[in-house]
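All remarks here apply to the structure that follows.
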Amino acid sequence: MDIRLGALKLYRQHLLSQYADRCGLWSLKAASGDSFSGVLCIMTDGMDQAKFQLPRSPGLVSAYRTSKLVRPRLAIHGCWAFNVCLRVGVLDETHPHDSSTVLELLLQTIEDAVRIFKERGQKVPDTLVLVGDNTVRELKNQYVLSMCSNLTAHTKFRQAGI
């Protein structure tokens, strides 16, 4: 009984921590793009290429005439600057899906967001917050941290972080 009660307490603590994390993210999403908040929040994530073989139509997959066609696998990676813009990268299976690709998409998204703020006549935010999953392969690594340092060193943002 004590083991089950302990597991239940740990699970409840996990749910409370997860909810607190989500509340923080929801606050950042709401503040992003608001010229008064000074925050630009960008979320990035990718989807596995095995899920996106083309064509997806069941009729084409089983048809005799199309059964020998090569169905390319695609990787999809998105960068969403909340309340500003969305950039989606569609990559073929041979393209590396590492931090260099994520950096390229992030920097293009930041360029788009800055352009949109200027077109709107709004002040460009001075705080950049990057949100992503817990993988060092794509986002949480030395390369993205170096990019954040570079953006602040060249006064593009007052502060930037992951």
Side-chain angles (χ1 to χ4, degrees), residues 4-53 56 73-93 95-162:
R4 282 191 242 165
L5 185 59
L8 185 61
K9 284 182 180 179
L10 287 173
Y11 181 63
R12 182 177 173 152
Q13 181 61 41
H14 166 73
L15 291 178
L16 287 171
S17 298
Q18 189 178 35
Y19 180 71
D21 185 53
R22 298 274 165 86
C23 285
L25 178 60
W26 294 331
S27 296
L28 285 170
K29 286 167 76 172
S32 181
D34 183 6
S35 58
F36 297 110
S37 72
V39 174
L40 177 61
C41 180
I42 300 176
M43 179 178 265
T44 180
D45 201 3
M47 290 182 244
D48 185 22
Q49 65 191 23
K51 297 175 186 153
F52 293 99
Q53 273 189 311
R56 296 288 294 176
R73 295 179 182 204
L74 304 176
I76 298 176
H77 200 96
C79 290
W80 186 9
F82 292 108
N83 302 317
V84 183
C85 62
L86 172 68
R87 179 174 281 273
V88 177
V90 180
L91 313 165
D92 63 8
E93 65 182 324
H95 191 86
H97 312 124
D98 54 5
S99 57
S100 61
T101 301
V102 173
L103 280 174
E104 182 68 27
L105 288 169
L106 277 171
L107 290 170
Q108 289 175 355
T109 304
I110 291 169
E111 285 179 356
D112 289 347
V114 168
R115 180 182 45 77
I116 290 169
F117 280 116
K118 289 181 178 178
E119 287 174 357
R120 291 178 181 170
Q122 295 176 327
K123 181 181 171 235
V124 177
D126 61 356
T127 300
L128 173 66
V129 179
L130 302 177
V131 179
D133 55 6
N134 249 353
T135 59
V136 294
R137 181 174 179 248
E138 294 178 352
L139 185 66
K140 297 184 177 180
N141 56 41
Q142 63 186 0
Y143 306 110
V144 179
L145 188 59
S146 295
M147 179 208 60
C148 290
S149 299
N150 198 4
L151 288 173
T152 56
H154 291 93
T155 64
K156 302 299 181 191
F157 293 96
R158 187 173 54 86
Q159 55 188 353
I162 305 168

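Just so it is clear, the model here is predicted, and its values are computed rather than measured.
Across all their heavy atoms, C79 and I42 have their closest contact at CB-CG2, 4.3 Å. Closest heavy-atom contact between N83 and W80: N-NE1, 4.4 Å.
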Please list, one pair per line, the donor and acceptor atoms closer than 3.5 Å that link side chains of residues 119-129 to other protein atoms, with sequence neighbours excluded.
residue	atom	partner	partner atom	Å
E119	OE2	R115	NH1	3.3
D126	OD2	R158	NE	3.2
T127	OG1	Q159	NE2	3.2

Show me the donor-acceptor pairs, under 3.5 Å and distance only, between side chains in residues 11-23 and residues at least two apart or in other chains.
residue	atom	partner	partner atom	Å
Q13	NE2	S17	OG	3.4
S17	OG	Q13	O	3.0

With a cut-off of 3.5 Å and sequence neighbours excluded, list every side-chain donor-acceptor pair involving residues 144-151.
residue	atom	partner	partner atom	Å
S146	OG	Q142	O	2.8
S149	OG	L145	O	3.1
N150	OD1	H154	ND1	2.5

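With rounding to the nearest 0.5 angstrom, the CG atom of L130 is 8.5 Å from the CG atom of L40. With values rounded to the nearest 0.5 angstrom, L25 atom CG is found 4.5 Å from M43 atom CE.
When Q108, H77, E111 are each tested for a side-chain hydrogen bond (donor to acceptor under 3.5 Å, both in side chains) with R87, only one passes: Q108.
In terms of modelled atom types and a separation under 3.5 Å, the side chain of T44 and the main chain of V131 share no donor-acceptor contact.
For CZ of F117, the number of neighbouring non-hydrogen atoms (other residues, nucleotides, ligands) closer than 6.0 Å is greater than 12.
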